[in-house]
Structures are given as structure tokens and as C-alpha cells.
S.K.: 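The structure follows.
Since we're looking at a predicted model, the values are computed, not measured. Every chain is numbered from 1 and lettered A, B, ... according to where its sequence line falls, protein lines coming before strand lines.
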Amino acid sequence: MPLRLFNTLSGKIEEFRPLVDNEVRMYACGPTVYDYGHIGNFRTFVAVDILRRYLRQSGHKLHHVMNITDVDDKIIRNAAQAGVNVHQYTAKYQKAFLEDAAALHIEEPQITRATEHIAQMAEFIARLVEKGLAYKTEDGSYYFRIAKFPGYGKLSKRDFAGMENGARVDVDEYEKDNARDFALWKAPKSGEASWESVIGPGRPGWHIECSVMSMQELGESFDLHAGGEDLIFPHHENEIAQSESLTGKQFAHFWFHARFLLVEGEKMSKSAGNFFTLRDLVLKGHKPSSIRYLLASVPYRHQLNFTFEGLQQAAASVERLRNFRLRLSGNFPDGSSLAMTSLAEQTSKRLRESLDDDLNTAQAQAAIFDMVRAANAAIDEGEIKKDDVPPLLAALDQFDEIFAVLNDDDAEKMQYIAEWANSDGREKDISPALRDIISSAALSDDQVNQRIEQMKAARAAKKYAESDAIRAELTAAAIIIEQTKEGVRWRRK
RNA sequence: GGCGCGGUACCCAAGUGGUAAGGGAGAGGUCUGCAAAACCUUUAUACGUGAGUUCGAUUCUCACCCGCGCCUCCA
């Protein structure tokens with residue numbers, strides 16, 4: 001069964017098929033780098049990452065482009081306040097964003113930056129003006145004339161017919177022909193960043209960068225355009241207007257939007273005190289894998305209630321999956337069992353069906369846990385054979401190619417953020433929990449294995465006091481020991 | 001006000017016109033030198049409230065209550 005996705009443009013769930021062969025060209029709106037990324041941002045980026053990963057797993061080739069908006073009003077304002085130029089100001093946050101995304105195992109798409117495409121944007125605007133689709137105002141700004149694009153409102157399902165200059169005309173923008181006309185290019189203001197261009201000095205408006213960069217990289221028509229739900233209007237609506245009126249072709253065919261999340265049941269906001277960057281959470285001791293798992297556990301079109309209790313539950317879920325994989329590395333008798341082979345097959349099928357169904361990640365999780373429980377029970381009963389392990393691992397891998405939480409590099413990623421906190425004046429925010437997790441990275445695998453050999457020897461000699469002492473020592477170093485029938489296993493806290 | 005989404009057990013959360021996935025937490029048990037892990041049993045006469053359609057609704061319709069989103073650059 002093919003992938004079915006909700007398309008904001010049609011308002012329906014549709015079968016997703018690329019325009020050309022098996023190659024998907026997708027563009028995702030990335031961050032505006034004026035601050036550290038918060039978990040709301042990352043909800044969207046995790047959703048897009050899951051889409052990206054699943055498209056690939058489904059056999060598609062992928063050309064995935066994401067922009068970084070490194071110039072806008074807020075950046076200009078903040079940079080001015082900080083007394084640095086725009087590039088200096090954004091460099092820090094760009095770097096942080098990419099690090100945070102990597103901590104969450106978000107695969108890095110091809111990245112394009114607004115400030116590297118100023119000339120192309122100006123040319124694009126010049127072409128719009130030539131066609132009478134845009135106009136220049138007295139101060140040197142340029143606006144798009146929405147009256148020239150009859151399809152305006154088709155994405156956000158708004159009817160702008162008859163909406164002439166209404167009551168909400170912005171007094172600062174009296175020069176516009178219509179209140180809805182949006183800025184393509186803003187004339188320079190004194191002391192603000194501005195660029196010379198074929199259409200005069202100034203800086204680009206917000207929407208133009210995505211039209212220019214997406215078409216440059218992906219062509220005038222491409223498969224899929226993604227972003228947070230807030231971008232539907234006006235950002236994506238405006239991209240469609242300026243792009244399609246210029247090329248006469250359909251811009252993106254599929255529009256994918258992730259819903260906003262709630263934090264502790266309320267809209268996240270700084271004033272409500274429930275505003276968290278990824279780094280805030282890591283400093284409190286929450287693992288990136290727990291955060292990713294929680295963000296991924298609610299299908300992208302549903303409102304996700306992000307809670308600290310949920311974060312702990314997610315951590316427990318991830319741990320259970322990791323324990324299971326560890327358990328499969330034990331020794332089992334030769335042979336294979338029909339039950340396990342078919343369990344793995346069924347699970348693989350359920351995973352595909354769940355994700356084909358508009359990326360139903362909650363159902364995919366249910367499928368993998370059903371398998372884990374059944375396989376664990378089989379291990380307890382001694383019914384698992386050596387040849388059952390590869391198919392079970394394959395199903396687990398199939399799951400993890402999408403969810404990406406099984407490989408434990410949490411301590412490493414968290415250490416990175418702790419180092420940042422130390423150098424950024426936030427060392428006081430490093431929680432004991434974070435210190436504890438990081439400390440588990442202090443011992444190397446070899447060192448741990450060596451101590452475990454000593455522990456095993458003591459145990460074999462029934463010197464329990466000595467064995468327990470070594471275990472306690474490792475526990476104190478945030479290494480968790482499990483002594484089982486299949487041998488001694490260990491993992492980092 | 002306009003348009004749209006949602007309200008499922010202690011928490012998170014799938015789902016279906018025929019009587020409720022999964023995870024976490026709690027309780028009891030099995031295993032075990034102890035611990036950990038794992039497994040088993042158990043926790044919704046019930047899916048916001050009221051009415052309607054139907055042989056039958058949590059699932060469809062309507063009303064109401066509550067939460068949330070967009071409607072000038074917040075993912």
C-alpha cells in the first residue's frame with residue numbers, strides 16, 4: 001500500500017506520488033535564527049524528519065532542502081541591540097540549531113540561507129514587476145499585488161474576494177494598493193542592514209526567500225513543501241501567490257503542516273512560564289532520545305501535550321526498547337521457530353501500514369511493543385532460537401530507521417550541551433541529573449568490561465560481597481548492571 | 001466575529017457503525033544469592049454533556065460545555 005498523507009492544499013488525505021519517477025523533491029521551512037530552538041520548533045522538525053526518513057524507507061530518492069532565515073526584523077533588531085552585525089548575531093544560533101537538531105537525530109537536509117540569495121531574490125522581484133505582479137512604492141519598497149492572483153487563499157481556505165481595503169489597514173503601509181498586498185522587499189531604514197541590488201537598496205521580505213530558494217534547488221514545480229501550521233497563512237499562501245503567478249505552474253503539489261504542541265496543557269509562552277528550549281530540558285537532565293520519542297509519539301497532525309511526566313514515560317519506553325535489543329544479543333540455541341519468524345514479519349507489515357496511514361506513529365509504536373512483549377515472553381520460555389534473532393532485529397531496525405532512539409549517544413550529546421552551559425554563563429543550570437548521566441561517559445567500554453569480568457569471577461566463586469561491591473561501584477558511576485541467564489549485560493544510565 | 005482541530009482509564013495516547021491498541025504508573029505474582037531486567041494477572045459496562053438517526057454509536061447528525069489553532073512575519 002502506498003503512503004497516504006494529508007495535503008493541506010486539498011484538505012484531504014491523498015496518496016503521495018512524486019511528480020517524477022521515484023524521486024521526491026521536498027522543501028521545508030527551517031528556523032529563523034534569532035534565539036535557541038524551543039521544543040515547539042523541534043516538534044515540527046522531528047515531524048518533517050520522520051516524513052523524510054519514511055519516504056526514504058519506502059524506497060524514494062530524496063532531495064530535501066531546508067532554509068535558514070538569517071535575516072528578518074527580529075534579527076535586525078536584536079543584532080542592533082547587541083551591537084553586532086546580522087551575521088555575527090545569527091552565527092551562534094545557527095550553530096546551536098544544527099547541534100540541537102543533531103542531538104535529536106534529525107537528519108540534516110541540504111541547507112540554504114536567505115542572506116546568500118539576496119541577488120536572486122531581487123531578480124525574482126524584478127521579474128514580478130515586469131509582469132505587473134508587483135509594484136514599487138515611493139520609499140523604495142516592493143509589494144506583491146494579490147489582486148493579480150485569483151487563487152489567493154486556496155491553501156488557507158480563505159475567501160478574499162470582496163475583501164477590499166478593510167478596517168484593518170495598517171497606517172504605516174498606506175502606500176499599498178490593497179491592505180492584503182505583502183512586502184517583497186523593504187526599503188532600507190537608517191542603521192539597519194541593507195543590500196544593494198538590481199531593484200535598489202533594501203532587504204528582502206520574509207516570503208520571497210522560500211520561493212526563490214526552493215525553485216532554484218528543486219525546480220518551478222516540486223513535490224512537497226512542509227512547515228509548522230502557523231505558516232499556512234500568510235507565509236505559504238504568499239509563496240504560492242508569488243511563485244505561481246510568475247511561473248504559471250503549480251508550485252508545491254503537497255503541503256505538509258505539523259500541528260503546534262501544548263506544554264502542560266497550555267499554549268507554550270514565555271509569560272506562562274512553560275517555554276522551554278531543547279537546551280533547557282537537557283540541562284534539567286532529560287535525554288534527547290526521550291524528547292525525540294515523546295515528540296514522535298503523537299501523530300504530527302494532532303495537538304501534542306508535552307509534559308514532564310510524559311517525558312519520563314517516554315524515557316521508560318525507550319529504555320524498554322533498548323533493553324530488548326540488548327537482550328537479543330544473548331546466546332540462543334541453534335535453529336529457528338516459526339512463531340518468531342512470523343511475528344517479525346507481521347510486525348514489519350504493521351509498521352509499514354501504520355506509517356503509510358498518514359504517518360501514524362502511535363500505531364507504529366504499538367506494533368513494535370507488541371513484538372517486544374511477545375519476543376520477551378518467548379525468551380523467558382526458552383523458545384527463541386538463534387535464527388530468530390536476525391528477523392526480530394530487522395523489524396526493530398525498521399522501527400528505528402524512523403524513530404531513531406535506540407542508539408544511545410545521549411550522554412555524549414548532553415555533555416556537549418553541558419559544555420555550552422559552562423561557557424555561556426549557565427553552569428548553575430546544570431542539574432544533578434545531568435551530571436549523573438554525563439558521568440556515565442567517564443568510564444570507557446573497555447574499563448567497564450574489565451570490571452565486569454572481575455565481578456563475574458567473584459560471583460562464580462560465590463564471593464557475593466566482592467561481586468556486589470563491584471556492582472555498587474559501577475552503579476555509582478551510572479552504569480547499570482543486569483545479571484541474567486543469558487549472561488551479564490550492562491548499559492549506561 | 002469568520003474558518004478549522006480536538007475532548008478516550010491515574011498520566012500520555014491509537015482506533016472502529018456491532019460493544020475499547022500501545023506505553024507509563026499502581027497492585028499482586030513468577031523468576032532470581034541479592035539487585036536489575038523480563039514475563040503473567042489486574043486497573044474504562046465505557047470513549048466531554050444532552051438529544052437524534054440506526055437492529056445497534058465511542059465511532060454518523062444536531063445542540064451545548066470545555067481546550068486549542070489561524071485570521072499582519074510564533075514551528
S.K.: Which is true for Ala377(A) with a 4.0 Å heavy-atom rule: it touches a base, it touches only sugar-phosphate, or it touches nothing?
M.R.: sugar-phosphate
S.K.: Looking only at side-chain N and O atoms, does Asn360(A) come under 4.0 Å of OP1 or OP2 in G15(B)?
M.R.: yes
S.K.: Ile481(A) near the nucleic acid: base, sugar-phosphate alone, or nothing, with a heavy-atom cut-off under 4.0 Å?
M.R.: base
S.K.: Across all strands shown, which nucleotide pairs with A9(B) by Watson-Crick or G-U wobble geometry, both distances under 3.5 Å?
M.R.: none
S.K.: Once you round it to whole Å, what is the distance between P of A75(B) and NE2 of His38(A)?
M.R.: 5 Å
S.K.: Set out, in order, the CA-CA distance, both residues' side-chain angles and the distance that settles ring-ring contact (aromatic ring centres under 6.0 Å, His included) for Tyr27(A) and His64(A), then state yes or no.
M.R.: CA-CA 6 Å; Tyr27(A) 183 89; His64(A) 176 190; 8.7 Å; no
S.K.: Indicate, with a heavy-atom threshold strictly under 4.0 Å, whether Arg459(A) touches base, sugar-phosphate, or nothing.
M.R.: base
S.K.: Find the distance between CZ (Arg113(A)) and CD1 (Ile118(A)) and round it off to the nearest 0.5 Å.
M.R.: 13.0 Å
S.K.: Is the phosphate of A37(B) approached by Arg320(A) (side-chain N or O, under 4.0 Å from OP1 or OP2)?
M.R.: no
S.K.: Could you tell me whether the side chains of Asn178(A) and Arg145(A) share a donor-acceptor contact shorter than 3.5 Å?
M.R.: no
S.K.: Contact class for Pro31(A) vs. all strands (heavy atom < 4.0 Å): base, sugar-phosphate, or nothing?
M.R.: nothing
S.K.: Does the side chain of His236(A) come under 3.5 Å of the side chain of His207(A) through a donor N or O and an acceptor N or O?
M.R.: no
S.K.: Between atom CG in Asp159(A) and atom P in G4(B), what is the gap in whole Å?
M.R.: 13 Å
S.K.: Please classify the nucleic acid contact of Lys74(A) as base, sugar-phosphate, or nothing, using heavy-atom distances under 4.0 Å.
M.R.: sugar-phosphate
S.K.: Just checking Arg322(A): base, sugar-phosphate only, or nothing, at a heavy-atom cut-off of under 4.0 Å?
M.R.: nothing
S.K.: Hunt down the Watson-Crick or G-U wobble partner of A51(B), both distances under 3.5 Å, from any strand shown, or write none.
M.R.: U61(B)
S.K.: Figure out the CZ/P separation between Phe6(A) and C5(B), and round it to whole Å.
M.R.: 8 Å
S.K.: Mind listing the closest non-hydrogen atom pair of Ser156(A) and Glu237(A) along with its distance?
M.R.: OG-OE1, 2.6 Å
S.K.: Between U16(B) and C60(B), how far apart are the two P atoms, rounded to whole Å?
M.R.: 9 Å
S.K.: Students often get this wrong, so: under 4.0 angstrom with heavy atoms, is Glu482(A) touching a base, only sugar-phosphate, or nothing?
M.R.: base
S.K.: Would you mind telling me which of C39(B), G24(B), C73(B) lies closest to the side-chain atoms of Lys186(A)?
M.R.: C73(B)
S.K.: Could you check Phe45(A) against Glu266(A) and say which one's nearest nucleotide on RNA chain B is further toward the 5' end?
M.R.: Glu266(A)
S.K.: Which nucleotide, if any, forms a Watson-Crick or G-U wobble pair with U19(B), using both distances under 3.5 Å?
M.R.: none
S.K.: Any side-chain N or O of Asn41(A) less than 4.0 Å from the OP1 or OP2 oxygen of A75(B)?
M.R.: yes
S.K.: My understanding is that a pair needs two contacts under 3.5 Å, Watson-Crick or G-U wobble. By that rule, which nucleotide pairs with C74(B)?
M.R.: none
S.K.: Decide yes or no, distance alone: a donor-acceptor N/O pair under 3.5 angstrom between the base of G6(B) and the side-chain of Gln303(A).
M.R.: no
S.K.: Verify the distance criterion only: is there a donor paired with an acceptor across the side chains of Gln365(A) and Ser297(A) at less than 3.5 Å?
M.R.: no
S.K.: From CG of Leu326(A) over to P of A36(B), roughly how many Å is that when rounded to an integer?
M.R.: 17 Å
S.K.: Report yes if the distance between the aromatic ring centroids of Tyr152(A) and Phe144(A) is under 6.0 Å, otherwise no.
M.R.: no
S.K.: How many Å lie between CD on Glu381(A) and P on C40(B), as a whole number?
M.R.: 9 Å
S.K.: Report the nucleotide, chosen from G22(B), A36(B), C34(B), that has the shortest atom-to-atom distance to any side-chain atom of Phe369(A).
M.R.: G22(B)
S.K.: Between C39(B), A37(B), C70(B), spot the one nearest the side chain of Asn376(A), thanks.
M.R.: C39(B)
S.K.: Heavy atoms under 4.0 Å, any strand shown: does Tyr464(A) hit a base, just sugar-phosphate, or nothing?
M.R.: base
S.K.: Do you see a donor-acceptor pair shorter than 3.5 Å between the side chains of Asp100(A) and Tyr36(A)?
M.R.: no
S.K.: Considering only G22(B), C70(B), C74(B), which nucleotide approaches the side chain of Asp370(A) most closely?
M.R.: G22(B)
S.K.: Taking N and O atoms by type only, does the side chain of Arg43(A) place a donor or acceptor under 3.5 Å from a partner on the base of A75(B)?
M.R.: no
S.K.: Describe the nucleic acid contact of Arg301(A) in one word from base, sugar-phosphate, nothing, applying a heavy-atom distance below 4.0 Å.
M.R.: nothing
S.K.: For RNA chain B, whose closest nucleotide is more 5', that of Gly265(A) or that of Thr307(A)?
M.R.: Thr307(A)
S.K.: Measure from the side-chain heavy atoms of Asp468(A) and tell me the nearest of G15(B), C70(B), G33(B).
M.R.: G33(B)
S.K.: Pick the P atom in G56(B) and in G69(B), then give their distance to the nearest Å.
M.R.: 40 Å
S.K.: Please determine whether any donor N or O and acceptor N or O are separated by less than 3.5 Å between the side chain of Gln313(A) and the base of C11(B).
M.R.: yes
S.K.: Take the protein atom CD1 of Ile13(A) and the nucleotide atom P of C5(B), then report the distance between them rounded to whole Å.
M.R.: 12 Å
S.K.: From A38(B), G67(B), A14(B), pick the nucleotide closest to the side chain of Asp380(A)?
M.R.: A38(B)
S.K.: Would you classify Asp72(A) as touching base, sugar-phosphate or nothing, given that sugar-phosphate means primed atoms plus P, OP1 and OP2, and contacts are heavy atoms under 4.0 Å?
M.R.: nothing
S.K.: Side-chain contact test, heavy atoms from C-beta onward, threshold under 4.5 Å: evaluate it for Pro31(A) versus Met66(A) and give yes or no.
M.R.: yes
S.K.: Of all the nucleotides listed (C34(B), A38(B), C74(B)), which has the minimum atom distance to the side chain of Asp230(A)?
M.R.: C74(B)
S.K.: Just do the ring-ring contact (aromatic ring centres under 6.0 Å, His included) check on Phe6(A) and Phe256(A) with the steps written out, would you?
M.R.: CA-CA 7 Å; Phe6(A) 183 83; Phe256(A) 175 97; 9.7 Å; no
S.K.: What is the nucleic acid contact for Asn238(A), judged by heavy atoms within less than 4.0 Å: base, sugar-phosphate only, or nothing?
M.R.: nothing
S.K.: Test for a donor-acceptor pair under 3.5 Å between the base of C34(B) and the side chain of Arg471(A), counting only N and O atoms.
M.R.: yes
S.K.: Assign Phe260(A) to base, sugar-phosphate, or nothing according to its heavy-atom contacts below 4.0 angstrom with the strands shown.
M.R.: base
S.K.: Donor-acceptor pair under 3.5 Å: do we get one between Arg373(A)'s side chain and the base of G22(B)?
M.R.: no
S.K.: C62(B) and A57(B): how far apart are their C1' atoms, nearest whole angstrom?
M.R.: 15 Å
S.K.: In whole Å, what is the span from the CG atom of Asp70(A) to the C1' atom of C73(B)?
M.R.: 15 Å
S.K.: Check whether any side-chain N or O of Arg259(A) sits under 4.0 Å from OP1 or OP2 of C74(B), and answer yes or no.
M.R.: no
S.K.: Ser467(A) side chain: which of A14(B), C70(B), G33(B) is closest?
M.R.: G33(B)
S.K.: Using purine N1 to pyrimidine N3 plus N6-O4 or O6-N4 for Watson-Crick, or N1-O2 and O6-N3 for G-U wobble, each under 3.5 Å, what pairs with C39(B)?
M.R.: G29(B)
S.K.: Who does C34(B) pair with, Watson-Crick or G-U, both distances under 3.5 Å?
M.R.: none
S.K.: How long is the line joining CD1 of Ile480(A) and P of A37(B), in whole Å?
M.R.: 8 Å
S.K.: If the P atom of U43(B) is compared with that of G7(B), how far apart are they to the nearest Å?
M.R.: 24 Å
S.K.: Should C68(B) form a Watson-Crick or G-U wobble pair with both distances under 3.5 Å, which nucleotide is its partner?
M.R.: G4(B)
S.K.: Does Gly310(A) reach a base, just sugar-phosphate, or nothing at all? Heavy atoms under 4.0 Å.
M.R.: nothing
